[in-house]
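Being a predicted model, the structure only gives us computed values, none of them experimental.
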Amino acid sequence: MASVQETVLSVPDVSCEHCVKTINGALQNLSGVESVATDIPSKTVHLRYDPSKVSLKKVEAVLDDTGYTIAK
């Protein structure tokens with residue numbers, strides 16, 4: 001069984017419910033992503049994913065395509 005990992009990404013541009021829907025929608029479509037929870041007050045995205053199916057680099061690219069940048 002593959003190990004599921006959890007990570008919290010800092011996404012400074014999260015400011016409203018539209019951001020949440022856009023981010024959650026984009027990431028939930030990725031194969032290997034188990035759950036996505038975007039939090040407006042902390043401007044973070046909590047992600048549970050299977051690293052054997054999807055890389056954080058891919059997650060970052062998808063977020064970038066939707067107009068959100070992960071803060072390093």
Side-chain angles (χ1 to χ4, degrees):
M1 186 172 142
S3 63
V4 172
Q5 291 190 350
E6 289 190 41
T7 190
V8 178
L9 307 171
S10 175
V11 186
D13 298 330
V14 172
S15 59
C16 64
E17 206 52 47
H18 172 76
C19 301
V20 172
K21 285 191 176 93
T22 303
I23 291 169
N24 290 0
L27 295 181
Q28 283 168 339
N29 288 334
L30 284 175
S31 172
V33 170
E34 281 203 359
S35 69
V36 184
T38 304
D39 185 59
I40 297 168
S42 66
K43 298 186 182 302
T44 56
V45 177
H46 296 257
L47 188 66
R48 280 177 54 88
Y49 69 103
D50 180 345
S52 70
K53 293 183 183 167
V54 67
S55 66
L56 276 181
K57 201 171 201 57
K58 174 69 176 164
V59 167
E60 195 170 332
V62 167
L63 278 177
D64 216 42
D65 288 347
T66 57
Y68 298 94
T69 307
I70 296 173
K72 299 284 185 219

Where is the tightest heavy-atom contact between Asp13 and Gly67, given as atom of each residue plus distance?
-> OD2-O, 4.2 Å
Between the main-chain N or O of Val11 and the side-chain N or O of Lys43, is there a donor-acceptor pair closer than 3.5 Å?
-> no
Out of curiosity, Leu63 CG to Leu27 CG, how far, rounded to the nearest 0.5 Å?
-> 4.5 Å
Would you mind reporting whether Val8 and Val45 have side-chain heavy atoms less than 4.5 Å apart?
-> no
Asn24: partners by side chain to side chain donor-acceptor pair (under 3.5 Å), with sequence neighbours left out = Thr38
From OG (Ser55) to CG (Leu30), nearest 0.5 Å = 9.0 Å
Around Lys58, counting heavy atoms of other residues, nucleotides and ligands shown, do more than 12 lie under 6.0 Å from its NZ?
-> no
Is there any salt bridge (charged side-chain N to carboxylate O under 4.0 Å, His left out) pair reaching into residues 30-42, and which pairs are they, with sequence neighbours excluded?
-> Glu34-Arg48
Applying side chain to side chain donor-acceptor pair (under 3.5 Å) to Asp64 and not counting sequence neighbours gives none
Quick note, salt bridge (charged side-chain N to carboxylate O under 4.0 Å, His left out) partners involving residues 19-30, not counting sequence neighbours, are none
Mind running side-chain contact (heavy atoms from CB on, under 4.5 Å) on Thr44 and Leu9 for me, showing each step along the way?
-> CA-CA 5 Å; Thr44 56; Leu9 307 171; over 6 Å; no
If you round to the nearest 0.5 Å, how far is CD1 of Ile40 from SG of Cys19?
-> 7.0 Å
Identify, with sequence neighbours excluded, every residue that meets side chain to side chain donor-acceptor pair (under 3.5 Å) alongside Gln28.
-> none
Are any of the side-chain heavy atoms of Val36 and Tyr49 separated by less than 4.5 Å?
-> no
Value rounded to 0.5 Å, distance of OG in Ser3 from CG in Asp50 | 7.0 Å
Could you pull out all residues at least two apart from Glu17 that satisfy salt bridge (Lys or Arg N to Asp or Glu O under 4.0 Å)?
-> none
